[in-house]
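Read through the structure below, which is laid out as structure tokens, and then see the notes.
To find a chain, count down the sequence lines: A is the first, B the second, and so on, and within it residues start at 1.
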Amino acid sequence: MSKIRLRFAPSPTGYLHIGGARTALFNWLLARKTGGTFILRIEDTDVARSTQESVDAILQGMEWLGLDWDEGPFYQSENFPLYKEKVQDLLAAGKAYRCYCSAEELEAKREKALAEGRKPKYDGTCRNLGGSDDGRPFVVRFKAPQYGVTSFIDLIKGPISFNNEELDDLIIQRSDGTPIYNFVVVVDDAIMGITTVIRGDDHINNTPRQILLYEALGYAVPTFAHVPMILGSDKTRLSKRHGATSVMAYRDMGLLPEAMINYLVRLGWSSGDEEIFSREELIEKFSIEAVGKSAGVFNPDKLLWLNAHYIKTGDTERLAGLLLPFLAERGIDPASGGPDLQAVVKTLQERAKTMLEMADGAVFYYTPELSYDEEAVAKQIKPETSSYLQSLTTALKAGPEFSHDGIESIFKEVCAGLGIKMGQIGPAVRIALSGGTVSPSIYEVMEVLGKEETCRRLERAIARFTAGQG
RNA sequence: GGUCCCAUCGUCUAGCGGUUAGGACACCGGCCUUUCACGUCGGUAACAGGGGUUCAAGUCCCCUUGGGAUCACCA
């Protein structure tokens, strides 16, 4: 059995979006699982709409997700001579013909047909004209069979068939001599030896025309697998209206690529009751036949849940590295002072759903001159608070060790000595250290901050609270 | 409108003729707790409708309804 060859073929007219990423992922997984070849091909035959920025954005998205390709990226725009030659072959064989109808009159006919409730199909005006190139502008149309049935067995959807009379003579070459997608994709997939075409199911209606083209060109027809679309919360095709659709936008929102991969693969595919899959498990367990037939709604909440999981269980050192740019956006550079970043990350891992949240939660560690949350101060700081904090600070300074457990026992001793409960001093300490009422455990915070900085923040707060109360 | 695809909790799904229809997210409670989270225990919630086939249908067939895709000198 020969190796299967797969491809992801985005058009560079925008960034890599969620749907494209999932299609790429399915291709990649199948290639890695079967030891096949994964090819990246840029479909830039529409010169007017294709941009280098889009190509870069797509490549960047693929790299972020860790979807590496074995061959390419290939650019269709570099193959124009080949396509032209294939068009000539078809013309010479009488399987295609020149059409002189203008775009305007075609458009008019289409609108008329639609308005009258008829199918907007090419009427075949030039189909049997014959003759050769006489200098007038023309497009080349494929002479499609007018009867019979074209069918294929989709790996995901099962058997699908179309009556050929529903298909019209599609244009394969524009009047400017450049080829059209449906033609190019066939030539390229054939030339590249693609055995299995995995793509969005919005291509199902293109498939019979393409099969006819494969046959006309004398190529073997590949196997098809059409993956269902991704919908927005209102069940319409996912678009900007539903929120971010760019894969890279999710990175910028603090998502981890493994969370994205895990989410995307589970949207439409499952393996029993499992929810969490490592890359290795996916390669082992994925199968294209197990992909569901129906479209799925993109659920950001579940993506976030997965992200939280991967942050919680992720490698602290790596997360610290990933956090850097988010901290930089907040004007913080851990390298220029402050507590150890990895220690900071450790206190935030199980309470941050995104790297962005983690960055927000880390800010106070690197802000020596904190401003205190007014509302929290008003509510939590009592007249006696300062003396409590003073007792605690004194004990802390005298304490031998400054570890989580050591701090905890000092806390307990101080509370016992003062005859107060944790709740009477804890909130004030939290405000003194973090500026507000939400932070990791204060023992952890103190340990990360270190004895010196902890005591400094406590004393600063005591001074402030005392002054504030006149 | 023609053609094609699809249909289990709000969402993602398990199910592949006989199940108290399971899991996950979200949501609602309890526990844990110095805050926020995490964790943990429990709860609400689904087979679109109608015909068949069968001893037996969420599972197979047909119709209806609903949703989606597509009908470019875009990809």
How would you label the contact of [X] with the nucleic acid (heavy atoms, under 4.0 Å): base, sugar-phosphate, or nothing?
| X | answer |
| --- | --- |
| A/Gly423 | nothing |
| A/Val139 | base |
| A/Cys415 | nothing |
| A/Gly268 | sugar-phosphate |
| A/Thr236 | sugar-phosphate |
| A/Ser270 | sugar-phosphate |
| A/Pro440 | base |
| A/Lys312 | sugar-phosphate |
| A/Ile180 | sugar-phosphate |
| A/Thr45 | sugar-phosphate |
| A/Ser233 | nothing |
| A/Ser439 | base |
| A/Asn206 | base |
| A/Glu43 | sugar-phosphate |

G-U wobble or Watson-Crick pairing nucleotide for [N] (cut-off 3.5 Å, both distances):
| N | answer |
| --- | --- |
| B/rC71 | B/rG1 |
| B/rA7 | B/rU65 |
| B/rA46 | none |
| B/rU40 | B/rG30 |
| B/rC55 | B/rG18 |

What's the closest nucleotide to the side chain of [X] if the choices are [options]?
| X | options | answer |
| --- | --- | --- |
| A/Ala103 | B/rU35, B/rC73, B/rC12 | B/rC73 |
| A/Met422 | B/rC6, B/rA75, B/rU34 | B/rU34 |
| A/Val438 | B/rC36, B/rA24, B/rA69 | B/rC36 |
| A/Asn205 | B/rC6, B/rU35, B/rA69 | B/rA69 |
| A/Asp202 | B/rA69, B/rU11, B/rU3 | B/rA69 |
| A/Glu350 | B/rC73, B/rA75, B/rC38 | B/rC38 |
| A/Arg266 | B/rG23, B/rU35, B/rC25 | B/rG23 |

Has [X] got a side-chain atom pairing as donor or acceptor with [Y]'s backbone, closer than 3.5 angstrom?
| X | Y | value |
| --- | --- | --- |
| A/Thr354 | A/Gly254 | no |
| A/Ser102 | A/Glu105 | yes |
| A/Asn27 | A/Ile198 | yes |

Task: Whichever of A/Ala295 and A/Asn182 has its nearest RNA chain B nucleotide further upstream toward 5' - done: A/Ala295
Task: RNA chain B: 5'-proximal contact among A/Arg22 and A/Leu303 (nearest heavy atom) - done: A/Arg22
Tell me the interatomic distance from [X], atom [atom1], to [N], atom [atom2], rounded to whole angstroms.
| X | N | atom1 | atom2 | answer |
| --- | --- | --- | --- | --- |
| A/Asp273 | B/rC12 | CG | P | 17 Å |
| A/Asp188 | B/rA75 | CG | P | 12 Å |
| A/Gln210 | B/rC74 | CD | C1' | 14 Å |
| A/Arg49 | B/rC73 | CZ | C1' | 13 Å |
| A/Phe277 | B/rC25 | CZ | P | 14 Å |
| A/Gln76 | B/rC74 | CD | P | 14 Å |
| A/Lys302 | B/rC27 | NZ | C1' | 15 Å |
| A/Leu170 | B/rC71 | CG | C1' | 12 Å |

Pick the [atom1] atom in [N] and in [M], then give their distance to the nearest Å.
| N | M | atom1 | answer |
| --- | --- | --- | --- |
| B/rC5 | B/rC62 | P | 12 Å |
| B/rC41 | B/rG58 | C1' | 30 Å |
| B/rU3 | B/rU19 | C1' | 39 Å |
| B/rG15 | B/rA46 | C1' | 13 Å |
| B/rC25 | B/rU44 | C1' | 15 Å |
| B/rG67 | B/rA48 | P | 16 Å |
| B/rC32 | B/rG42 | C1' | 15 Å |
| B/rG23 | B/rC9 | P | 16 Å |

Open item on the list: Looking at A/Arg174, I'd like to know whether one of its side-chain N or O atoms comes within less than 4.0 Å of OP1 or OP2 on B/rA75.
Closed with: yes
TODO: Ignoring backbone atoms, establish whether A/Arg237 has a side-chain N or O less than 4.0 Å from OP1 or OP2 of B/rU70.
DONE: yes
Determine whether [X] and [Y] make a side-chain contact, defined as any pair of heavy atoms from C-beta on separated by less than 4.5 Å.
| X | Y | result |
| --- | --- | --- |
| A/Gln380 | A/Phe465 | no |
| A/Val185 | A/Arg7 | yes |
| A/Phe138 | A/Ser175 | no |

Task: Candidates A/Trp269, A/Tyr263, A/Phe286 - the one meeting ring pair (Phe, Tyr, Trp, His ring centres under 6.0 Å) with A/Phe277 - done: A/Trp269
Task: Check: B/rC38 base within 3.5 Å donor-acceptor of A/Arg351 side chain - done: no
Task: No-H, no-angle donor-acceptor pair, A/Glu275 side chain to B/rG23 base, under 3.5 Å - done: yes
TODO: Check whether the aromatic ring of A/His203 stacks on the base of B/rA69, taking stacking as ring centres less than 5.5 Å apart and planes within 30° of each other.
DONE: no
- [ ] Please state whether the rings of A/Tyr443 and A/Phe411 are parallel, tilted or perpendicular, taking 30° and 60° as the class boundaries.
- [x] perpendicular
TODO: Quick one: pull up CD in A/Gln390 and CD1 in A/Ile462 and give me the separation to the nearest 0.5 Å.
DONE: 4.0 Å
- [ ] Inspect the contact between A/Glu43 and A/Arg41 and indicate whether a charged nitrogen and a carboxylate oxygen are less than 4.0 angstrom apart.
- [x] yes
